[in-house]
Amino acid sequence: MALVTTAEVCDAHSSLIGSGDLRVLEPVFQIYGRRPVFSGPIVTLKVFEDNVLVRGFLEEKGNGRVLVVDGGGSKRCAILGGNPVVQAQNNGWAGIVVNGCIRDVDEINGCDIGVRALASHPMKANKKGIGEKQVPITIAGTRINDGEWLYADTDGILISRTELAV
């Protein structure tokens, strides 16, 4: 986001906030990874206590995209760990937002990628491969569609229907 903060984006685009074209996620996420500021087109995924599809996406080339995972807000296990985050970093993902838990925090904090999650949890997820790819999801009080844009920094996370000229 080239030195433009989410606060400045909100100030400059109040009409987009009023119309719903620019939305602010509720401040529920912890910041992980070495990249506190990231942005990119969104890929959505909906899973529950299962990380097979999460890993599958992160094995693909990211091309600057952001994976946004609705993990149902579960705090009973981690649906993202260090190995997939290393893969995501190496495959060119800009960031990952998880409405759920992560693990291997020290490893993730060493990666040059932005990660947001509700919390950390030591237990690993199920491996059944159940979930929905590229579907509308609702996390942190906000509806998010595949293909929208995410902008994150230490102040918060914004979702925009289109790429913003910042």
Side-chain angles (χ1 to χ4, degrees), residues 1 6 23-127 129-160 163:
M1 277 191 347
T6 56
R23 295 153 341 261
V24 181
L25 269 62
E26 294 172 354
V28 296
F29 296 101
Q30 302 297 311
I31 298 173
Y32 303 97
R34 285 194 355 237
R35 196 183 300 174
V37 177
F38 61 95
S39 64
I42 295 169
V43 177
T44 60
L45 180 59
K46 186 172 188 166
V47 298
F48 188 73
E49 298 180 356
D50 189 316
N51 72 347
V52 172
L53 298 178
V54 176
R55 290 182 71 102
F57 263 116
L58 298 177
E59 289 170 355
E60 299 174 8
K61 291 293 180 196
N63 300 314
R65 296 178 294 168
V66 177
L67 182 62
V68 181
V69 183
D70 180 2
S74 174
K75 293 184 180 174
R76 299 189 314 183
C77 66
I79 58 173
L80 181 68
N83 289 337
V85 173
V86 168
Q87 280 188 313
Q89 168 195 264
N90 295 340
N91 286 334
W93 288 87
I96 308 162
V97 177
V98 178
N99 184 34
C101 293
I102 64 169
R103 68 187 210 159
D104 305 323
V105 170
D106 290 339
E107 185 175 3
I108 289 170
N109 283 341
C111 292
D112 185 24
I113 190 170
V115 177
R116 300 292 191 276
L118 298 178
S120 61
H121 196 294
M123 199 162 83
K124 65 181 175 180
N126 296 315
K127 301 201 180 307
I130 299 170
E132 297 176 85
K133 300 177 181 180
Q134 298 171 305
V135 295
I137 59 175
T138 300
I139 65 171
T142 304
R143 183 80 163 173
I144 301 171
N145 297 295
D146 195 78
E148 292 186 308
W149 278 74
L150 183 141
Y151 299 87
D153 66 12
T154 54
D155 283 337
I157 302 172
L158 305 177
I159 305 297
S160 175
E163 182 178 8

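The analysis underlying the following values was restricted to heavy atoms, covering all of them including side chains, and did not include hydrogens, waters or symmetry mates. Heads up: numbering here begins at 1 and tracks the sequence.
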Flag side-chain contact, heavy atom, 4.5 Å: Glu107 against Asn83:
yes

So which atom in Ala94 and which in Ser39 form the shortest heavy-atom distance, rounded to 0.1 Å?
CB-O, 3.4 Å

Could you tell me whether a side-chain N or O of Gln89 sits under 3.5 Å from a main-chain N or O of Asp112, the two making a donor and an acceptor?
yes

Any donor-acceptor N/O pair, Arg65 side chain to Gly62 backbone, under 3.5 Å
yes

Just so I know, are the side chains of Val68 and Leu150 near enough to count as touching, which here means a heavy-atom distance under 4.5 Å?
yes

Can you list the steps and then say if Thr142 with Glu26 is a side chain to side chain contact (heavy atoms under 4.5 Å, CB included)?
CA-CA 8 Å; Thr142 304; Glu26 294 172 354; 5.8 Å; no

With side chain to side chain contact (heavy atoms under 4.5 Å, CB included) as the criterion, how do Phe57 and Ile96 come out once you've worked through the C-alpha distance, each side chain's angles and the decisive distance to 0.1 Å?
CA-CA 11 Å; Phe57 263 116; Ile96 308 162; over 6 Å; no

Working to the nearest 0.5 angstrom, can you tell me the gap between Ile144 CD1 and Lys46 NZ?
12.0 Å

With side chains defined as the heavy atoms from C-beta onward, is the minimum distance between Pro136 and Thr44 less than 4.5 Å?
no

Identify the two heavy atoms, one from Ile108 and one from Gly82, that lie closest to each other, and give their separation to 0.1 Å.
CG1-CA, 4.0 Å

How long is the straight-line distance from OG of Ser74 back to NE2 of His121, given to the nearest 0.5 Å?
7.5 Å

Indicate the atoms forming the closest heavy-atom contact of Pro41 with Gly64, along with that distance.
CD-O, 3.7 Å

Does atom CZ of Arg76 have more than 12 heavy-atom neighbours, drawn from other residues, nucleotides or ligands, at distances under 6.0 Å?
no

Flag, side chain of Arg116 to backbone of Pro36, donor-acceptor distance under 3.5 Å
yes

Contact summary for Ala88 and Ile113, nearest pair of heavy atoms:
CB-CD1, 3.7 Å

Could you give the distance from CD1 (Ile102) to CG (Asn51), rounded to the nearest 0.5 Å?
13.0 Å

Main-chain N/O of Gly110 paired with Arg34 side-chain donor or acceptor, under 3.5 Å
yes

Is the shortest heavy-atom distance from the side chain of Leu118 to the side chain of Phe29 under 4.5 Å?
yes

When Val105, Asn109, Val85 are each screened for side chain to side chain contact (heavy atoms under 4.5 Å, CB included) with Val115, the one that passes is Val85

Measuring from atom CD1 of Ile159 to atom CG of Leu25, what distance do you get when rounded to the nearest 0.5 angstrom?
5.0 Å

Are any side-chain N or O atoms of Asp50 and backbone N or O atoms of Gly129, one a donor and one an acceptor, separated by less than 3.5 Å?
yes

Can you give me the closest heavy-atom contact between Ala152 and Ile157, atom names plus distance?
CB-CG1, 4.0 Å

Heavy-atom side-chain proximity of Arg103 to Pro122 below 4.5 angstrom:
no

Validation row: Leu158, Arg23 side chains within 4.5 angstrom (heavy atoms):
no

So does Thr6 get a backbone contact from the side chain of Asp153, meaning a donor-acceptor N/O pair under 3.5 Å?
yes

Do you know which two heavy atoms are closest between Ser160 and Glu148, and how far apart they sit?
O-CB, 3.2 Å

Side chain to side chain contact (heavy atoms under 4.5 Å, CB included) between Val43 and Trp93: does it pass, once the steps are laid out?
CA-CA 11 Å; Val43 177; Trp93 288 87; 4.2 Å; yes

Rounded to the nearest 0.5 Å, what separates atom OH in Tyr151 from atom CD in Glu163?
5.0 Å

For a side chain to side chain contact (heavy atoms under 4.5 Å, CB included) with Ile137, tell me which candidate from Asp70, Asn145, Leu45, Ile42 qualifies.
Asp70

